[in-house]
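Written below as structure tokens is the structure these notes are about.
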Amino acid sequence: MSDALSIVSREAVLSPSPRKSVRAGEITSETELIREAQAGSRAAFDALVRQHDQAVLRLALHLTGSEQDAQDIHQEAFLKAYKSLANFRFECSFYTWIYRIVTNLCLDLMRRRKARREEQAVMIDAAGGEMDLLVNVSDDRAGANPDRELERKQLGRHIMDALEKLTPRERMVFELKHFQGLRLRTIGEMLNTTEETAKNTLFRATKKLRANLAGVR
Amino acid sequence: MTCEQAQESIALAVYGELPDEDRHLLAQHLVVCESCRAEYEAVEGLRKAMSLSPQEEPSANLLAQARLRLEEALDAVPQGGLLVRLGRRFRLGLVRLSSAPVMASALLVFGLAAGGYGGFRLGAHKLHVQQSEMILKALPIRPASVAISNGSVEAANVKPVADGPNDSLMIDTAAAQIANVSQILNAPNSNRVEIRFNRLVPESISGSINDPYIRRLLLLGVVAPQNPMVKDISVDLIARECATGRCNEGPDRRALMDALRYDNDPGVRLNALAGLQPYIASDVHVRNAVLDAMLHDADPIVRVQAIELVAPIEADSSVRQVLHTVAAQDENPQIRDVSEQLLEQEPPVQ
Ligand SMILES: [Zn+2]
């Protein structure tokens, strides 16, 4: 019981809410870069790219699980940004803007893939000894278990499977929240939706993930 | 709070998105409701399980390749023109042109790294600012130079912390009972870092990257990481700060130079290099470390990057000397070309 309580009192890990709390001078420097890039400076645009492209690549890599797809998305996203930079009106941070482009591209790709997969999907439901991995995980902090490495590997595979079963949008919200540590408000902004919707989506995603992970073989 | 409301709040609480008042109500509900408590444990279990599947960082190669492809694609876009392309060779040097964000705020958040280690009671979060500061200021320190040469330091040698830590002082890990740094969290475009470290129990402190105490913990992430990931992130964050001039001459630069010389991961070495860039011209130690990288780094991308960085100061004789060596001896023909081209240029008037 004290477990649950201490966790409840834990504060949020990181709250990026990018740029809002940043000093004025810093805003100017990125703003200047954007303006220069809008005026046609490739160097300025490149500097913007370098600031964000590793995060973009990481996100795409994790979502698609493929280096090739991640590279494609990286390229397409920044090309798109380059061509439509004139439309950037400083209404949100550049980071939110570029992530919006990236998440859209990723969502498209995930939807296409999902459609393809569902056509050929024959759900293989292998029987076997039931073992609740989640229970195992929450309990393993004490033990030196020799098979732990193997278990983790299996767990990793199950996690990927479970993630694949989410809808692209649920997957995206979960990814941005759990792995990228973004605030739901920011996530809502990126996905062109409200914080409320992002909350509900996170709620659904965790529910589904638990259902998919509890009682895996 | 009803069970239904509690169920909806739980995922938000686990992910730190529940407002204070609601968190209070949820905690009260969990005390009396066993089934919701079980639900909470399950969602927290999910979060932990998911965290066991670490996020793959794009490799330095993948990143370099993606950048190359993007450059080609951008070159193909009409507009931009010749003048822009002429500037391209030194573009690598512009990488860190625009700085990582600064934030004035001090420590904000404190909490246990992972729940379940007990000891922290409900309501403690109200104290977190003061508590966090107290803990940070209580971290024992010792002079860094002594730390290296001498295992134990007398208590009398330890200067009390007045307003902030002195750059030459390191956290005394033994006295602070810090085992290692286990995780560093930093969201893209934020200068907030959360540093999780293991003492007798895992602990976690977060605050502005500009806070000197936080910076000392980051350095500890380089020296005593629980896993390589922690070291990577520490180096990257320190490099980002240094690239924008917020870098002390002592520990910060030393950490980056060590990373550039000894880290196994070329991505980490590249980050360290970028952080050292502003000091190549003025700091001879930094210059030597970068010249070493030009000559000896195992990874051609790192060598090229080092060359790009020293290019603006190629008039310097030690730099020209190394460029000559690289132009004559580097195994990679492209690298030989680049250095040769640099040498052929008129040295800038000093
Ligand atoms: Zn209940």
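Throughout, a chain's letter reflects where its sequence line sits, starting with A, and its residues are numbered from 1. Values reported hereafter were calculated over all heavy atoms of this structure, with side chains retained and with hydrogens, waters and symmetry mates removed.
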Dump the intermediate steps for side chain to side chain contact (heavy atoms under 4.5 Å, CB included) on A:Thr206 and B:Arg47, then the final yes or no.
-> CA-CA 9 Å; A:Thr206 52; B:Arg47 192 187 65 81; over 6 Å; no
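- Contact between B:Gly16 and A:Arg183 at its shortest, heavy atoms only, is O-NH1, 3.4 Å.
- Ranked by heavy-atom pairs shorter than 4.5 Å toward chain B, the options A:His178, A:Gln75, A:Lys83 are led by A:His178.
- In this structure, the separation between CZ on A:Arg210 and CE on B:Met50 is 13.0 Å, given to the nearest 0.5 Å.
- Heavy-atom pairs under 4.5 Å with chain A peak, among B:Ala66, B:Ser59, B:Ala11, B:Ala73, at B:Ala66.
- A search for salt bridge (Lys or Arg N to Asp or Glu O under 4.0 Å) contacts involving A:Glu170 returns A:Arg204, A:Lys208, not counting sequence neighbours.
- A search for side-chain contact (heavy atoms from CB on, under 4.5 Å) contacts involving A:Thr193 returns A:Arg169, A:Leu191, A:Thr197, not counting sequence neighbours.
- Between the CG atom of A:Leu202 and the CG atom of B:Leu12 there is a distance of 6.5 Å, given to the nearest 0.5 Å.
- Taking chain B as the reference chain and counting heavy-atom pairs below 4.5 Å, the highest number among A:Asp53, A:Leu48, A:Val49 is found for A:Asp53.
- Separation of atoms CZ (A:Phe179) and OG (B:Ser51) is listed at 7.0 Å; rounding is to 0.5 Å.
- Annotation: side chain of B:Leu74 is not in contact with side chain of A:Phe78 (no heavy-atom distance under 4.5 Å).
- Closest non-hydrogen pair, B:Pro58 versus A:Leu57, comes out as CB-CD2, 3.7 Å.
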Does the pair B:Asp75 and A:Arg42 meet the rule for a side chain to side chain contact (heavy atoms under 4.5 Å, CB included), with working shown?
-> CA-CA 9 Å; B:Asp75 285 344; A:Arg42 252 298 281 290; 2.8 Å; yes
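- To the nearest 0.5 angstrom, B:Arg67 atom CZ is 6.5 Å from A:Gln54 atom CD.
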Begin from the C-alpha positions of A:Asp72 and B:Arg69 and carry the test side chain to side chain contact (heavy atoms under 4.5 Å, CB included) through to its verdict.
-> CA-CA 9 Å; A:Asp72 289 348; B:Arg69 272 187 52 191; 3.0 Å; yes
Steps toward side chain to side chain contact (heavy atoms under 4.5 Å, CB included) verdict (B:Glu17, A:Lys199) | CA-CA 9 Å; B:Glu17 292 265 3; A:Lys199 276 183 186 171; 5.5 Å; no
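- Here A:Leu61 contributes atom CG and B:Leu63 contributes atom CG; the two are 11.0 Å apart, rounded to the nearest 0.5 Å.
- In this structure, B:Tyr15 OH and A:Phe174 CZ are separated by 3.5 Å, a value rounded to the nearest 0.5 Å.
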